[in-house]
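Structure first, then comments.
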Amino acid sequence: MTAPAIERTASAVASAAPTESAIGIQDLTVRYGSVTALEGLTLEVARGETVALLGPSGSGKSTALKAVAGFLRPASGRITLAGRDVTYEPPNKRGIGVVVQNYALFPHMRVADNVAFGLRARRVSRAEVGRRVTEALDMVGMAGYARRYPRELSGGQQQRVAIARALAIRPPVLLLDEPLSALDATLRADLLGELQRLRGELPDVAIMYVTHDQTEALALADRIAVMRDARLVDLDATDRLYRRPPSEFTASFLGAANLLDARVLADCTAADDAVRVAVGGLTVAADPTGAFAEGARALLVARPHTLAVTEVDRADTLPARLVATQWRGADYRLTCVLEGDGEREIRIDVTDLAAVPALGERLGVALPAEPCVLVPAGAGG
């Protein structure tokens, strides 16, 4: 996994809110009976911005989207669209485009009628309906399928029609709830590319994109909101959140980083270029994400593709034992247990193995030349 090539302007969580809000969520809480599905979420999405809600199942991300869409009534908090309070308005009064993971097309309607459904409900003229249906189907590459029924389409084609239906009403806000999760890997990659292209064609539309897939979030989002256990954990510009995750949970979930126990050797702050830390038997430089006191326990963030396998007796490596090997076509994923680190497992992705080590074999793990990011132990976890 590599970070997006486009650099985005970074900002701290407290100051990350955009200046012109298309979607405003203030202290939003949603409950199902005695179960709190979303707790105190505050988030804004600017006109033309894409914000991904990223997290595991049950983290509250889909609940947040459904509340914005009007499908769920919040227990408390406030939702605004372009400054207008819509907290208790029904979905059909909000003017939002919504795409869900199971397509939700009407099986008895042809593609063109599915796309036209929202327009007819808004009593748009017949001539205008025809123009907008054609425009929306062109936008998603489905112009030649207007007369077909959903059952005559592949899963990827059905999802394109669902997106066209959402776009046909020309919404200022587009909500996408796991739109690619029901597709196979090839279709998912194809449609992800289509969504990237659509973003460029919709410069004024605010998009809230719910996913548990970090690849989708990294490819599409200007900012990522990481969620866990019904709460917002971290929020920042996509590139910064990937390169400098502020918490243990975000580091492990966004990029599947290894987290190595470290001891800080001198006081430091986030403004410092580097601080010396002890990791295993090594002393290395680390990039602090916050203030650390001398002697503090912390975690060194090392992504699998940045680590290398070497001879076990080198002085600049961490000794480890191989416990699993997985060939993944383009590379090998090696799972090792570090010696003297509480049997902590780490993952290493390598592409240039002369020979695959045997299970149980001892080997050396080399850290990257550039300082790894240092996060507080247990923060956000």
Side-chain angles (χ1 to χ4, degrees), residues 1-3 55-56 214 226 228-229 233-234 241-266 268 274-290 292-328 331-351 353 356-381:
M1 175 64 61
T2 59
Q214 59 169 317
V226 179
R228 184 188 190 192
D229 296 334
V233 175
D234 289 309
L241 203 61
Y242 181 88
R243 296 184 186 280
R244 290 177 55 82
S247 67
E248 177 180 346
F249 179 75
T250 295
S252 60
F253 193 82
L254 184 62
N258 297 296
L259 301 172
L260 310 182
D261 285 320
R263 182 170 53 85
V264 181
L265 300 180
C268 66
V275 62
R276 306 297 287 178
V277 299
V279 179
L282 304 180
T283 298
V284 298
D287 179 11
T289 59
F292 293 89
E294 181 180 353
R297 178 176 172 263
L299 294 169
L300 198 69
V301 178
R303 301 195 185 277
H305 70 276
T306 68
L307 300 176
V309 174
T310 67
E311 298 81 9
V312 71
D313 55 355
R314 280 180 43 172
D316 59 347
T317 62
L318 299 169
R321 176 171 45 85
L322 182 67
V323 296
T325 302
Q326 183 182 72
W327 181 56
R328 307 195 303 179
D331 58 28
Y332 284 90
R333 165 67 59 90
L334 306 182
T335 302
C336 302
V337 172
L338 290 179
E339 296 179 359
D341 192 22
E343 295 292 292
R344 181 184 291 273
E345 281 193 354
I346 63 167
R347 299 166 303 281
I348 310 167
D349 293 341
V350 292
T351 58
L353 279 178
V356 179
L359 295 184
E361 184 175 337
R362 295 179 73 240
L363 45 80
V365 177
L367 296 174
E370 294 295 318
C372 294
V373 169
L374 194 70
V375 301

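No hydrogens, no waters, no symmetry mates; every other heavy atom, side chains included, goes into these values.
V375 has its side chain out of reach of T250: every pair of non-hydrogen atoms, C-beta onward, lies at least 4.5 Å apart.
Applying the salt bridge (Lys or Arg N to Asp or Glu O under 4.0 Å) rule to pairs touching residues 306-315 yields R314-D316, sequence neighbours excluded. Applying the side-chain hydrogen bond (donor to acceptor under 3.5 Å, both in side chains) rule to pairs touching residues 275-287 yields R244-D287, sequence neighbours excluded. Within the structure, salt bridge (Lys or Arg N to Asp or Glu O under 4.0 Å) pairs that include any residue of residues 363-378 do not occur (at least two apart or interchain).
By the side chain to side chain contact (heavy atoms under 4.5 Å, CB included) test, A308 is found to be paired with A366, residues two or more places apart in sequence or in another chain being considered. Checked against salt bridge (Lys or Arg N to Asp or Glu O under 4.0 Å), R347 has no partners two or more places apart in sequence or in another chain. Under the side chain to side chain contact (heavy atoms under 4.5 Å, CB included) criterion, R297 pairs with D261, L299, R344, A377, sequence neighbours left out. Take C372 and apply the side chain to side chain contact (heavy atoms under 4.5 Å, CB included) test, not counting sequence neighbours, and it matches L300, A302, P368. Applying the salt bridge (Lys or Arg N to Asp or Glu O under 4.0 Å) test to R333 and every residue at least two apart in sequence or in another chain returns D349. Under the side chain to side chain donor-acceptor pair (under 3.5 Å) criterion, R321 pairs with E343, not counting sequence neighbours. Residues meeting the side chain to side chain contact (heavy atoms under 4.5 Å, CB included) test with P56, sequence neighbours left out: S59, F249, F253.
Closest approach of E294 to L265, counting heavy atoms only: CG-O, 3.6 Å.
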